[in-house]
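Following: one structure in structure tokens, then a few remarks.
Lettering of chains follows the sequences in order, A, B, ..., and the numbering in each one begins at 1. Side-chain atoms are counted along with the backbone in the values below, which use heavy atoms only and exclude waters and symmetry mates.
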Number of protein chains: 4
Amino acid sequence: MCPVKALCIKGRPRDSKRESAIAEASISLIQEVGYERCTIEAIAHKAGVSKATIYRRWKNKAEVIVHAISHHAFSQTPSIDTGNLRDDLVELLLAKVKVLKGPDGAVIASIMSAANTDSELAKAIPHSVRDGESQVHKVILERAIERGDISPNANLELLAEITPAIMTYRIFMSQQPVNRKFIESLVDDVLIPSAQKIATNK
Amino acid sequence: MCPVKALCIKGRPRDSKRESAIAEASISLIQEVGYERCTIEAIAHKAGVSKATIYRRWKNKAEVIVHAISHHAFSQTPSIDTGNLRDDLVELLLAKVKVLKGPDGAVIASIMSAANTDSELAKAIPHSVRDGESQVHKVILERAIERGDISPNANLELLAEITPAIMTYRIFMSQQPVNRKFIESLVDDVLIPSAQKIATNK
Amino acid sequence: MCPVKALCIKGRPRDSKRESAIAEASISLIQEVGYERCTIEAIAHKAGVSKATIYRRWKNKAEVIVHAISHHAFSQTPSIDTGNLRDDLVELLLAKVKVLKGPDGAVIASIMSAANTDSELAKAIPHSVRDGESQVHKVILERAIERGDISPNANLELLAEITPAIMTYRIFMSQQPVNRKFIESLVDDVLIPSAQKIATNK
Amino acid sequence: MCPVKALCIKGRPRDSKRESAIAEASISLIQEVGYERCTIEAIAHKAGVSKATIYRRWKNKAEVIVHAISHHAFSQTPSIDTGNLRDDLVELLLAKVKVLKGPDGAVIASIMSAANTDSELAKAIPHSVRDGESQVHKVILERAIERGDISPNANLELLAEITPAIMTYRIFMSQQPVNRKFIESLVDDVLIPSAQKIATNK
DNA sequence: TTTTAACCGAGACGGTACGTCACGTCTTGTG
DNA sequence: CACAAGACGTGACGTACCGTCTCGGTTAAAA
């Protein structure tokens, strides 16, 4: 007999393998057909799972997607070390564009849809996205600090936020090209000056 | 008889008043109930128009919205003149946040939905958004140039693109707060250093 | 475990009460407003059922109606016994006219619409109509045989088919009156001679 | 000046060629695609005419069809003369079946639809159908009278009505076969006994 | 000859019903 | 209880056809 009533869960326990199957199915469906045509029924079928099993765990399509995204290992930008900050940043951004235009791009785009529908829950998503992204940023920037390429006044967090913001904006909203030329001007005209700024007159 | 065959339009001409009625109805519905609950039937009813009249012009709900947005006059940020660049920018960004969180915020958010579904046509949208936004930017920056506050090396277009990008990202995607503190650090740590950068090491 | 695989029905079984509710709703709507104004949505609403539930079972409005009709118990002509064949037949036909002009008339008329659209499935309908009709016929004719009023050469099935045919034709197609005078001449000039015919010269 | 006001018709007169073009287009569309898919727009297009021109003349689709049918020359059964009544009738009915199963069959079937929808106006239609059909009947029957094959008591009109009724019923409603065997039993067991009946016991 | 009024083709328009699709819930039998 | 299967109510979608209307342009009788 179960001594602690509240912990005594009767019946068949949930199979945790289902969670991951559903998450994987969701992501690959988004990559294949896009968010709009990624239906719950299709996810269920692809995951070899029934709809009830999905809705027993999450109350919404949005939450299903949120969970899938937040457990998705986004393709990582490779570690970069050219020896100087400027070229490190350019290479990093070029690598990021490649990711955003690859299969994970559709996933990122779907975040934006989900975010609109489900503003409350969408809050949780970008952490995972940002966390992954900022890792490489940090390495590059820390190396630059050691070299003395970056002013101690620099706002590193903000710098790490600007790049995904402007690239997402260009690629998914204004549909403008994000080529090497644009990236170089972004690095030379914004990121480097900001990283090297002398003092705040605040 | 019509002298120029190609110009001789047969049949009852489309009533352009319908187009604008539909566009207005779409926008105000998005503002009232959001993109998801803005149905074609509701638009038709509000515009005093039949569904057929809508689908005769656009093949999709997405295209209807795209058209509506691209013809929408977004609320403008007021003209600002504090006398110095830094405060101009802070005031400008504060005003923009207000807009993005007001009724037009829902409209902007809906752009992101439409953009996913309708990547081809979505290209046309942001022009209207950017064009409106960049106007005030230009005034502020030009005034700063006259005062000598901005280096001739500054990349003004890029500067004008960063602000909407990061604000949209924060508000609609990462759901992070966009308060005075954040805006000030954005201005002081990124925009000003970039505007005043001395030379390109390219 | 289900021992017989083929009989093991998975998933929630269809609720057969829905079928009958839909059929009843269809028939009563046809009786009330006629075939043309009997919409699927109205049927669904009257049956307390959703459109999807209807379209899950039948692929067409026509098939819905076909099913409804083929499960409808048409109002029966009462049993008749005047003691002689001639008057039995006259009374029977008068009773039938009454039925065809009553609520079931609209239903019979709708058969003709459905039959045009849905020639394949319409085959199934008239069984129900004929089966009900022929019952009373048989009783009358068998009694007449016992009395010796009918020649053993008579083609009883054909006789039983002529009356609904000519009455349907008159009422629904040529819109001619079907009054007592017409019925008497039909009985005296066609049915009785045919029933009493002496021999086939074939 | 026009002396009789009522007769004074100004403006471009209606082109009567349109009426026939519309009627022909209607009939051939019914023959090709059936009543259900014979739309006003298709008729207009096929007749090289605008919808307005159609609705200027008739207020309904039903009336358009009614007019077309009532001006349609149904394919005639050929004149028959085998020398005896029984074989004349059999040949006649076989010829009629052929007609009903040919292109005009669809037209006849459409009458039934129109009759249901438009009970008021449908009254006018069958005259044209019956008139054409009864012609051949009459010739055959009159010849039989001359030969003395038919009793002077026979109800010829009723006889002429039974055949189309039962054949229409079989072909379009109960979908039963109308083959030579059925036709012979109809002639031998019903038509001939009725035609030769000795006296009315009325 | 000019005016006038109805005709005509084309196709926009409001309306109504259709048949489809996805969501999220519910109901079976089975493990 | 979990689970697969799939029925169910709901509500929006996009389509099709009806019958009306509004254009520019034509045609024949009336003035």
Side-chain angles (χ1 to χ4, degrees), chain A residues 9-15 18 36-42 44-45 47-62 64, chain B residues 1-2 7-15 18 36-42 44-45 48-61, chain C residues 1-2 8-15 18 36-42 44-45 48-61, chain D residues 1-2 8-15 18 36-42 44-45 47-62 64:
Chain A
I9 298 152
K10 270 194 191 176
R12 176 174 171 179
R14 288 194 187 168
D15 183 348
R18 255 86 180 188
E36 295 295 311
R37 273 174 297 175
C38 164
T39 68
I40 288 289
E41 216 132 337
H45 185 263
V49 142
S50 79
K51 275 206 299 178
T53 298
I54 294 179
Y55 282 106
R56 202 173 291 118
R57 287 164 167 77
W58 303 282
K59 71 173 213 285
N60 262 308
K61 180 181 170 178
V64 176
Chain B
M1 218 228 316
C2 182
L7 286 175
C8 175
I9 299 150
K10 285 213 169 187
R12 175 173 172 178
R14 291 196 183 166
D15 183 348
R18 255 90 178 188
E36 295 295 311
R37 272 174 298 174
C38 164
T39 68
I40 288 290
E41 215 131 341
H45 185 262
V49 141
S50 76
K51 258 202 321 176
T53 296
I54 294 179
Y55 282 108
R56 204 173 287 117
R57 288 166 166 76
W58 303 282
K59 70 176 213 286
N60 263 293
K61 180 181 168 178
Chain C
M1 217 228 320
C2 182
C8 177
I9 298 150
K10 285 213 170 188
R12 176 174 171 178
R14 292 198 181 164
D15 183 348
R18 256 88 177 188
E36 295 296 310
R37 272 174 298 174
C38 164
T39 68
I40 288 289
E41 215 132 339
H45 185 263
V49 141
S50 76
K51 260 203 320 177
T53 296
I54 295 180
Y55 281 108
R56 203 172 289 117
R57 290 166 164 74
W58 304 281
K59 70 174 212 287
N60 262 300
K61 181 181 167 178
Chain D
M1 216 224 329
C2 182
C8 174
I9 299 152
K10 265 196 193 176
R12 176 175 173 178
R14 289 195 185 164
D15 183 349
R18 256 87 180 185
E36 295 295 311
R37 274 174 297 174
C38 165
T39 69
I40 287 289
E41 216 132 334
H45 186 263
V49 141
S50 77
K51 273 206 300 178
T53 298
I54 294 179
Y55 281 106
R56 203 173 290 117
R57 289 164 165 77
W58 302 281
K59 71 173 213 285
N60 263 309
K61 180 180 170 179
V64 176

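- The phosphate of E:dT16 (OP1 or OP2) has no side-chain N or O of C:T39 nearer than 4.0 angstrom.
- Taking a pair as Watson-Crick or G-U wobble with both distances under 3.5 Å, the runs of three or more consecutive pairs in DNA chain F are E:1-31 with F:1-31.
- Heavy atoms of C:R37 sit nowhere under 4.0 angstrom from any nucleic acid atom.
- Atom-to-atom, NZ of B:K59 to C1' of F:dC13 comes out at 14 Å; the value is rounded to the nearest Å.
- A sub-4.0 Å separation between OP1 or OP2 of E:dC7 and a side-chain N or O of D:T53 is absent.
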Would you list the protein and nucleotides 3-6 of chain E atom pairs, both N or O, that sit under 3.5 Å from each other?
none

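- Between D:Y55 and F:dT20 there is no side-chain N or O to OP1 or OP2 distance below 4.0 Å.
- Between A:N60 and E:dC23, a side-chain N or O to OP1/OP2 separation shorter than 4.0 Å is absent.
- The side chain of A:I40 approaches E:dC23 more closely than any other nucleotide in the set E:dG15, E:dA22, E:dC23.
- Atom CZ of D:R18 is separated from atom C1' of E:dC7 by 8 Å (rounded to the nearest Å).
- Between the OG atom in B:S50 and the CZ atom in B:R56 there is a gap of 6.0 Å [rounded to 0.5 Å].
- Residue A:R57 places at least one side-chain N or O under 4.0 Å from the OP1 or OP2 atom of F:dC3.
- Nearest heavy atoms, D:V64 versus D:I54: CG2-CG2, 3.6 Å.
- D:K61 contributes a side-chain N or O that, together with a main-chain N or O of D:C38, makes up a donor-acceptor pair within less than 3.5 Å.
- Looking at which nucleotide of DNA chain E each of C:C38 and D:G48 is closest to, the 5′-most match is held by D:G48.
- A 6.0 Å sphere centred on CZ of A:R37 holds no more than 12 heavy atoms belonging to other residues, nucleotides or ligands.
- Each of B:V49 and D:D15 was matched to the nucleotide of DNA chain E holding its nearest heavy atom; the match closer to the 5' end belongs to D:D15.
- Rounded to whole angstrom, the span from the NZ atom of C:K51 across to the C1' atom of E:dT20 amounts to 8 Å.
- To the nearest 0.5 Å, the span separating NZ on C:K51 from OG1 on C:T39 amounts to 9.0 Å.
- Atom-to-atom, CD of A:E36 to P of E:dC23 comes out at 10 Å; the value is rounded to the nearest Å.
- Between D:N60 and D:Y55 there is no side-chain heavy-atom pair separated by less than 4.5 Å.
- Here F:dA5 presents its C1' atom at 11 Å from NE2 of A:H45, a figure rounded to the nearest Å.
- Whole-Å rounding puts the D:W58 CH2 to F:dT20 C1' distance at 18 Å.
- Here the P atom of nucleotide E:dA10 and the CD1 atom of D:I54 are 12 Å apart, to the nearest Å.
- Residue-level contact check: D:K61 touches the backbone only, with heavy atoms under 4.0 Å from sugar-phosphate atoms and none from bases.
- The main-chain N or O of D:R14 is never found under 3.5 Å from a side-chain atom of D:R18 such that the two would form a donor-acceptor pair.
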